[in-house]
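The next block holds one structure in the form of structure tokens; read it before the comments.
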Amino acid sequence: MPESTGPHLIRGARPLGGDPVDLLFADGEIAAIGPDLEAPEGARVVDATGLIALPGLVDLHTHLREPGREDAETVASGSRSAAMGGYTSVHAMANTDPVADTAGVVEQVWRLGREAGYCDVRPVGAVTVGLAGQQLSEIGAMADSAARVRVFSDDGICVWDALLMRRALEYVKAFDGVIAQHAQEPRLTEGAQMNEGCVSDRLGLPGWPAVAEEAIIARDCLLAQHVGSRLHVCHVSTKGSVDIIRWAKERGCDVTAEVTPHHLLLTDELVESYDPIYKVNPPLRTAEDVQALREGLADGTIDIVATDHAPHPKEAKETEWSTAAMGMVGLETALAVVQQTMVDTGLLTWAQVADRMSTAPARIGRVGGHGRELAVGEPANVVLYDPAAPVGVDGEAMATKSSNTPFRGLTLPGQVRATFLRGAPTVLEGKIN
């Protein structure tokens, strides 16, 4: 757990990429902002010349694996990885062992996050008991628990039964919750190994059609509108999905959506290497899909970037393609990938990055104290980022327990230099504090 600290004076940071100013953090809040601030007695001064200050990032989609799969990740190790990536709050997905489908399990995850102290951990509750898709879980009990769960998802498995999905959407209305759907029609993806298209045809691998994602999204948008509830679509990956979500928003559906960093950068052509590092659910898609996802994120059709950080032990990925686990780690590289794909291409400003990676996910997840503007009196949840510090990606050097990054060997354009959680530095000078 990071040590408690006194005041911190941040010299010369650029809030949201604007003009440089000083920021004073004291008593967990932003105490002052302005040029040439005087350092209080005992304050630690941090030189932030050239660094961009953003509100601490919020991830709506993180797999922390604990309880049950601590060989891949723990709440503590995942929290450290999150802090290294600039995150001050993450949502821990429910596909643990045991599944987070009761008040007891979500409270365990919540308490582990508090003990670790590197970021605020908000558990996601399962929609159905055991992720089996047969009956609703203890949704109300999880919402009323100490963890105050507001996001529910069977992520990794689609809630395929339309009646069950309707009941879940109706249930969460009582406490302003949201159902986060993993959109994958199971009958259309039986045995699927990669995106269905030219590359799968060449490689002879069973294809994963875009319509399997798009059909579920269309159905669920209509269900959410019918019952007047909130729907969130996880890891959108196809051009058609972007079109459907745009249509649903135009007709007044209360739907939000996320895209992952890896779907903003990588394409299915990488699968030609047969390297299981590129095996993920939903699969990497085509260059046309990638461009549509970027445009959707830029115009607000896609609301947020979420990592879908999915750590696995080496033996689960260092095997033949057909038997390898699906998933990629992403907390520590997300901001740099967004810079490369969205900022350096002119599609987003840094202020819009703050919205897509902090403000909007905090709003969707109903996370208090995060995603706030950088203003006096607001919680000092802040990340300092150097956009001009290229770094080579080395999975073995990451804070996460797993090394299954699809960006290994790539040079990304920037790096997190410091992360503050309520004024306490969890990361300083690019290292865990």
Q | Pairs meeting criterion ring pair (Phe, Tyr, Trp, His ring centres under 6.0 Å) with involvement of residues 411-433, two or more places apart | A | H8-F420, F25-F420
Q) Who passes side chain to side chain contact (heavy atoms under 4.5 Å, CB included) against T128, sequence neighbours left out? A) D154, L164
Please tabulate, one pair per line, all N/O donor-acceptor pairs under 3.5 Å involving side-chain atoms of residues 196-203, not counting sequence neighbours.
| residue | atom | partner | partner atom | Å |
| --- | --- | --- | --- | --- |
| S200 | OG | N195 | O | 3.4 |
| S200 | OG | G197 | N | 2.9 |
| S200 | OG | G197 | O | 2.8 |
| R202 | NH2 | E272 | OE2 | 2.6 |

(Q) If only side-chain N and O atoms count, and only distance matters, is there a donor-acceptor pair under 3.5 Å linking T238 with R285? (A) no
Q: Could you tell me the separation between the CG atom of L297 and the CE atom of M357, rounded to the nearest 0.5 Å?
A: 9.5 Å
(Q) Testing the basics here: between V290 and L266, what is the closest heavy-atom pair and its distance to 0.1 Å? (A) CG2-O, 3.5 Å
**Q.** Residue pair K279 / Q193, side-chain donor-acceptor N/O under 3.5 Å
**A.** yes
Q | Y385 and its side chain to side chain donor-acceptor pair (under 3.5 Å) partner, picked from Q415, Q339, R14, R417 | A | Q339
Q) Can we say R69 and E73 salt-bridge, meaning some charged N sits less than 4.0 Å from an Asp/Glu carboxylate O? A) no
Q: With rounding to the nearest 0.5 Å, note down the distance linking CG in L223 to CE in M165.
A: 7.0 Å
Q.
Holding to side chain to side chain contact (heavy atoms under 4.5 Å, CB included), I want the full list of residues that pass it with R150, two or more places apart in sequence or in another chain.
A. R122, A143, R148, F175, R366
(Q) Taking ring pair (Phe, Tyr, Trp, His ring centres under 6.0 Å) as the cut-off, I'd like each qualifying pair that reaches into residues 387-412, sequence neighbours left out, listed once. (A) none
Q. By side chain to side chain contact (heavy atoms under 4.5 Å, CB included), which residues pair with Q135, not counting sequence neighbours?
A. V129
Q: Starting from the C-alpha separation in whole Å, work towards a yes-or-no answer on side chain to side chain contact (heavy atoms under 4.5 Å, CB included) for I432 and T426.
A: CA-CA 6 Å; I432 287 289; T426 56; 5.8 Å; no
(Q) Could you go through T307 and D59, starting from their C-alpha distance and side-chain angles, then the distance that decides it, and tell me whether this counts as side chain to side chain donor-acceptor pair (under 3.5 Å)? (A) CA-CA 7 Å; T307 68; D59 193 14; 2.5 Å; yes
Q. Stepwise, does the side chain to side chain contact (heavy atoms under 4.5 Å, CB included) test hold for L284 with T267?
A. CA-CA 5 Å; L284 301 178; T267 72; 5.8 Å; no
(Q) Quick check against the 3.5 Å criterion: does S145 have a side-chain atom that pairs as donor or acceptor with the backbone of A147? (A) yes
Q) Quick one: do the S322 and E320 side chains pair a donor with an acceptor below 3.5 Å? A) yes
Q: Would you name the heavy atoms of V255 and C221 that are closest together and state the gap between them?
A: CG2-SG, 4.0 Å
**Q.** Any pair counted as ring pair (Phe, Tyr, Trp, His ring centres under 6.0 Å), so long as it reaches residues 59-92, sequence neighbours left out
**A.** H61-H63, H61-H235
Q | Shortest non-hydrogen separation from P276 to T319 and the atoms involved | A | CG-O, 3.1 Å
Q: Could you pull out all residues at least two apart from D303 that satisfy salt bridge (charged side-chain N to carboxylate O under 4.0 Å, His left out)?
A: K249
Q) Between V382 and A53, which heavy-atom pair has the shortest distance, and what is it? A) CG1-CB, 4.3 Å
Q) Sequence neighbours excluded, which residues qualify as salt bridge (charged side-chain N to carboxylate O under 4.0 Å, His left out) partners of E190? A) R187
Q.
Please evaluate residues H263 and S237 with respect to the criterion side chain to side chain donor-acceptor pair (under 3.5 Å), reporting the C-alpha separation (whole Å), side-chain torsions for both, the decisive distance (0.1 Å), and the verdict.
A. CA-CA 6 Å; H263 285 113; S237 70; 4.8 Å; no
Q.
Could you report the tightest heavy-atom contact between G78 and L64, atom names first, then the distance?
A. CA-CD2, 3.7 Å
Q: Quick one: list whatever passes salt bridge (charged side-chain N to carboxylate O under 4.0 Å, His left out) with K314, sequence neighbours left out.
A: E396
(Q) Using a strict threshold of under 4.0 Å (side-chain N to carboxylate O), is an ion pair present between D176 and R230? (A) yes
Q) Do R166 and E170 sit within salt-bridge range, that is, some charged N less than 4.0 Å from a carboxylate O? A) yes
Q: Evaluate the criterion side chain to side chain donor-acceptor pair (under 3.5 Å) for residue pair E138 and T102; output intermediate values, then yes/no.
A: CA-CA 6 Å; E138 298 179 7; T102 65; 5.2 Å; no
(Q) Using a 3.5 Å distance criterion without hydrogens, assess whether the side chain of T88 forms a donor-acceptor pair with backbone atoms of L421. (A) no
Q) Is N433 reaching over with its side chain to a backbone N or O of P425, donor-acceptor style, under 3.5 angstrom? A) yes
Q.
Applying ring pair (Phe, Tyr, Trp, His ring centres under 6.0 Å) as the test, list every pair that has at least one member in residues 272-326; sequence neighbours left out.
A. none
**Q.** Shortest non-hydrogen contact between A360 and I304, atoms and distance
**A.** CB-CG2, 3.5 Å
Q | With sequence neighbours excluded, residues passing side chain to side chain contact (heavy atoms under 4.5 Å, CB included) with P261 | A | V305, A334, V337
Q. Under 4.0 Å between a Lys/Arg side-chain N and an Asp/Glu carboxylate O for D161 and R167?
A. no
